[in-house]
> 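Below is a structure I'd like to ask you about.
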Amino acid sequence: MSFTAVFFFVAIVGLTLVITWWASKRTSSASDFYTAGGGLTGWQNGLAIAGDYLSAASFLGIAGAVALFGFDGFFFSLGYLVAYLVVLYIVAEPLRNLGRFTLADMITARFDTAKVRGTAALSTITIVLFYMIAQLVGAGALIQLLLGIEYWMAVLLVGVMMTVYVLFGGMTATSWVQIIKACLLMLGTVIISFLVLAKFDFSIANMFTQMATVTEHGEDYLNPGLRYTDGLDTISMLIALVLGTAGLPHILMRFFTVKDAQTARSSVIWATWIVGIFYILTIFLGFGAAAFVGKEEIVTANAAGNMAAPLLAKALGGDILFSFVCAVAFATILAVVAGLVLSGASALSHDIYGQIIKKGKISEKEQVMAARIGSITISIISIVLALGAQTLNVAFLVSLAFCIAASANLPVIIYTIYWKRFNTAGAVTAMLTGLISALILVAVSPNVWGPEGKAIFVGEPLFMLSNPALVSVPLGFLGGWIGTLLSKEKADEAKYREVDVKANTGISVQDVSH
Amino acid sequence: MGNQQKHIDYDKIAQLDSFKQLVKKKNSFLWTLTAIFLIAYMLLPVLTSYTKILHAKAIGDITWVWIYSAGLFIMTWSLAHLYVAKAGKYDKEAKAIIAEYERGQR
């Protein structure tokens, strides 16, 4: 570990702690805790969304995947980006107009029952835990590699940091950690991309020509088909990516941190530009790593290619750039896991404890206390699970989280806003079918069962797609439809008209009286 | 949100012709474009998995699959801005509807 590396790490830890201290003085109500008081501006929230969204899987994972598999590694970038259109067109505005703190708040704007809220909280917590385990296991492996400390120490370090941000600074601290991280990440990525492009004489055409010869794959490197050979599996994965983002709890939660639908829109625009530019730059990161680091060294450092970007930074900019990029990767993990803790805590403390157990009869002070206890609970559970999952290959957990979000959350969001006949039974069955079918299909998929021991268990998978979205998303929609039609309960049409009016006009958020 | 929130008669607003028109316009815009961008996006894995047409070279050694992808990026940015422009107009109409409703309440 070099002096510069220590310097950058300490600087990032110090900076984020100062923010947390500053934010803690501004966090007194539940609304401050969960939504920063709804006071973020469009660009702030846009950067925070980008900071929340661009996980280590994006930064390290996609760069590595492009380095090793050429175009096939880039598929994720496309899915993650186009997903923002689904968020913008279908989800962001109604969510901001109807919701308060959580997805369940939005659905219960129409259906006032504990069952709906409980099911929504269950799916949120499931997604959060899967996503979190993937992040923490990745973080552990990465920091172990960077700082040379033990895996369990690395997981504890990240775990304690994220708990501190959320516990003391709530959404305000978390948002600012995400904003700073987004800026640092963009800076690092732009610098490396510039250096890569300089090596190719600033000619993209020249870059492609050279890339057609430098890897073992030859010209195939520039075309799809190196990694994804099964058409249905590729299609299924891309469905999960594009529809999943709109159902991810930590992304949904970011729309409650702004004051109105207009600001929600402008934050999505900011996020779309930042995320889009970042994903274009992943091409330079990946190509650069393939050309100037080489497959052998990348795979030796980490079989999945996660070290491609840091190693490229070292090859082009020496120790300083390497240390900087590692520190940025560290900040990236911190920002994402803090956002996850908050969304898990909101489901646990606000939905399950505050609204279901206490039936909403809970003082402001108790709400904040519950939120803090919920954050610690989520943190501890995820740290313990991550410590136990060290040797598991958890890369599929992120795509599973996207798949559950697409299958369990998206159908219920769309039905709640657009379908007059939708009812409580439909909402519960939609979420449960999506959630359970995704879980079962993954449990019997090649991620878990493999004949040669590459997966978790040895055996033949019963379901051949490694991402079940192609089946589970339609099942989620179908479940909601059948559940609605089979139940005798009549839809409350007056309530639907209220939701329709609120979602389309923003009335009652803007308040008519002025 | 003020302390003394007025009671809002949602049924009355829902019954306004101007409201019905706005919702209709908005939904047809949203769902048409959503269908378009989802088709454009899903067509890529279909083409790459079942055909080789995107493997051909377009500019120098850059193959069509990269051009298609660049198109998806441009599409995403353009549609995001188109949406905001449209939504700005819908906001104005929504304001007019609220005003119409408030006049009716007096």
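Here is the naming used below: chain letters follow the sequence lines, and residue numbers restart at 1 for every chain.
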> Please round to the nearest 0.5 Å and tell me the distance separating atom CD1 of A/I239 and atom CE of B/M42.
4.5 Å
> Can you tell me if NZ on B/K89 sees more than 12 non-hydrogen neighbours from other groups inside 6.0 Å?
no
> Find the one option among A/Y84, A/Y89, A/Y228 whose heavy-atom pairs under 4.5 Å with chain B are most numerous.
A/Y89
> More than 12 heavy atoms of other residues, nucleotides or ligands under 6.0 Å from CZ of A/R421: is that the case?
no
> Measuring from atom CZ of B/F19 to atom CG of A/N504, what distance do you get when rounded to the nearest 0.5 angstrom?
4.5 Å
> So what's closer than 4.5 Å to chain B heavy atoms on A/I417: side chain, backbone, both or neither?
neither
> Heavy-atom distance under 4.5 Å to chain B: side chain of A/L232, backbone, both or neither?
both
> Of the backbone (N, CA, C, O) and the side chain (C-beta and beyond), which part of A/V86 lies under 4.5 Å from a heavy atom of chain B, both, or neither?
both
> Shortest non-hydrogen contact from A/V82 to B/F37?
CG1-CD1, 4.1 Å
> Can you tell me how far apart CD (A/E498) and CD1 (B/I13) are? Round to the nearest 0.5 Å.
10.0 Å
> Quick one: what part of A/F71 sits under 4.5 Å from any heavy atom of chain B, side chain, backbone, both or neither?
both
> So for A/E219, is it side chain, backbone, both, or neither that comes closer than 4.5 Å to the heavy atoms of chain B?
side chain
> Minimum heavy-atom separation for B/Y41 to A/V242, with atom names?
CE2-CB, 3.4 Å
> Nearest heavy-atom pair of B/W66 and A/L222: which atoms, and what distance?
NE1-O, 2.8 Å
> Please name the residue in the list A/I507, A/T505, A/V499 that meets the side chain to side chain contact (heavy atoms under 4.5 Å, CB included) test with B/Y10.
A/I507
> What part of B/I62 gets closer than 4.5 Å to chain A, counting heavy atoms only: side chain, backbone, both or neither?
both
> For chain A, find which of B/L33, B/I59, B/L22, B/L38 contributes the most heavy-atom pairs closer than 4.5 angstrom.
B/L33
> Count the heavy atoms belonging to other residues, nucleotides or ligands that lie under 6.0 Å from CH2 of B/W64, then report whether that count exceeds 12.
no
> What orientation do B/W77 and A/W273 show, parallel under 30°, tilted 30 to 60°, or perpendicular over 60°?
parallel
> Which residues in residues 263-272 of chain A have any heavy atom lying under 4.5 Å from a heavy atom of chain B?
A/R265, A/I269, A/T272
> Side chain from CB out, backbone as N, CA, C, O: work out which of these in B/W31 comes under 4.5 Å of a heavy atom of chain A, or both, or neither.
side chain
> Less than 4.5 Å apart, any side-chain heavy atom of A/Y418 and any of B/L30?
yes
> Can you see whether B/Y83 engages A/E93 through a side-chain donor-acceptor pair at a distance of less than 3.5 angstrom?
yes
> Side chain, backbone, both or neither: which part of B/D9 has an atom under 4.5 Å from a heavy atom of chain A?
neither
> If I compare all heavy atoms of A/R497 with all of B/A14, which pair ends up nearest, and what's the gap?
CD-CB, 3.6 Å
> Please determine, among B/V84, B/I97, B/T48, B/V65, the option with the most heavy-atom pairs under 4.5 Å with chain A.
B/V65
> Is there a side-chain contact between B/I8 and A/K502 in this structure, where contact means two heavy atoms from C-beta onward sitting under 4.5 Å apart?
no
> Using non-hydrogen atoms and a 4.5 Å limit, figure out which bit of B/K57 sits close to chain A: side chain, backbone, both or neither.
side chain
> Would you mind telling me which of A/T229, A/T209, A/L243, A/T234 has the largest number of heavy-atom pairs within less than 4.5 Å of chain B?
A/T209
> Select one option (side chain, backbone, both, neither) describing which atoms of B/D91 are under 4.5 Å from chain A's heavy atoms.
side chain
> Taking the side chain as everything from C-beta on, heavy atoms only, tell me whether B/V46 gets closer than 4.5 Å to A/I235.
yes
> Sort out for me which of B/A99, B/P45, B/A70, B/A40 touches chain A most, counting heavy-atom pairs under 4.5 Å.
B/P45
> For chain A, find which of B/L54, B/V23, B/L72 contributes the most heavy-atom pairs closer than 4.5 angstrom.
B/V23
> Closest heavy-atom contact between B/L44 and A/F75?
CD2-CE2, 3.8 Å
> By a 4.5 Å heavy-atom criterion (distance strictly below it), what part of A/I280 contacts chain B: side chain, backbone, both, or neither?
both
> Atom CG of residue position A/D112 - does it have more than 12 heavy atoms of other residues, nucleotides or ligands inside 6.0 Å?
no
> Chain B heavy atoms under 4.5 Å from A/F74: which part of the residue, side chain, backbone, both or neither?
side chain
> When heavy-atom pairs shorter than 4.5 Å are enumerated against chain A, which of B/G60, B/G88, B/A87 gives the highest number?
B/A87
> Under 4.5 Å heavy-atom distance to chain A, tell me which part of B/Y50 shows up: side chain, backbone, both or neither.
side chain
